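The structure under discussion appears below in the form of structure tokens.
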Amino acid sequence: MSYILILMIIVAAGAVVYALVRGLIAFANMKPGDVDADGITASHKKQNEMMFARVKYQAIAIVLVIVLLALAGGQS
């Protein structure tokens, strides 16, 4: 069971890194002229999406680590 949790933690950490890199790329490609009707740039929207995705994946990884620690503590 712990091997499955460790694999899931690694996948969640990879998703965090992916969302972080996508957000940084959106930040690097910011074009002030690319504005929608509300006055928000497309890259700004993408940055916000990636920030929320990163936070979500970090929360999943933290919960998985807590579950892994709880299982490991129960075995001793």
Side-chain angles (χ1 to χ4, degrees):
M1 178 68 172
S2 64
Y3 294 114
I4 295 170
L5 283 172
I6 292 171
L7 181 63
M8 290 172 64
I9 291 169
I10 291 171
V11 168
V16 169
V17 171
Y18 175 75
L20 177 65
V21 170
R22 290 277 313 264
L24 289 174
I25 290 171
F27 182 72
N29 294 331
M30 190 180 306
K31 296 178 181 134
D34 188 18
V35 179
D36 65 359
D38 295 329
I40 300 171
T41 62
S43 64
H44 201 137
K45 284 183 183 179
K46 190 64 169 178
Q47 289 174 40
N48 283 338
E49 289 174 14
M50 290 297 106
M51 179 187 64
F52 286 116
R54 181 180 54 84
V55 170
K56 176 179 59 174
Y57 295 136
Q58 282 176 332
I60 291 169
I62 289 169
V63 168
L64 290 172
V65 168
I66 290 170
V67 169
L68 180 65
L69 291 174
L71 289 176
Q75 292 178 357
S76 57

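Just the heavy atoms: all of them, side chains too, but no hydrogens, waters or symmetry mates, feed the values below. Everything numeric here is computed off the predicted structure, so don't read it as measured data.
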Please round to the nearest 0.5 Å and tell me the distance separating atom [atom1] of [X] and atom [atom2] of [Y].
X	Y	atom1	atom2	result
Leu20	Leu24	CG	CG	4.5 Å
Met50	Ile25	CE	CD1	10.5 Å
Ile66	Leu71	CD1	CG	12.0 Å
Asn29	Gln47	CG	CD	10.0 Å

Using side-chain heavy atoms (C-beta onward) and a distance below 4.5 Å, is Leu64 in contact with Leu68?
no
Evaluation steps, side chain to side chain contact (heavy atoms under 4.5 Å, CB included), between His44 and Asn48:
CA-CA 6 Å; His44 201 137; Asn48 283 338; 3.6 Å; yes
Residues forming a side chain to side chain contact (heavy atoms under 4.5 Å, CB included) with Ile10, sequence neighbours excluded
Ile6
Looking at residues at least two apart in the chain, or sitting in another chain, which of them share a side chain to side chain contact (heavy atoms under 4.5 Å, CB included) with Lys56?
Ile60
Testing Ile9, Leu5, Ile62 for side-chain contact (heavy atoms from CB on, under 4.5 Å) with Val67, which one passes?
Leu5
Taking all atoms of both residues into account, what is the closest heavy-atom pair of Val16 and Gln58, and its distance?
CG2-N, 3.5 Å
Specify the closest pair of heavy atoms between Ala26 and Ser43, including all atoms of both residues, with the distance to one decimal.
O-CB, 3.4 Å
Residue pairs fulfilling side-chain hydrogen bond (donor to acceptor under 3.5 Å, both in side chains) with at least one residue in residues 2-21, sequence neighbours excluded:
Tyr18-Arg22
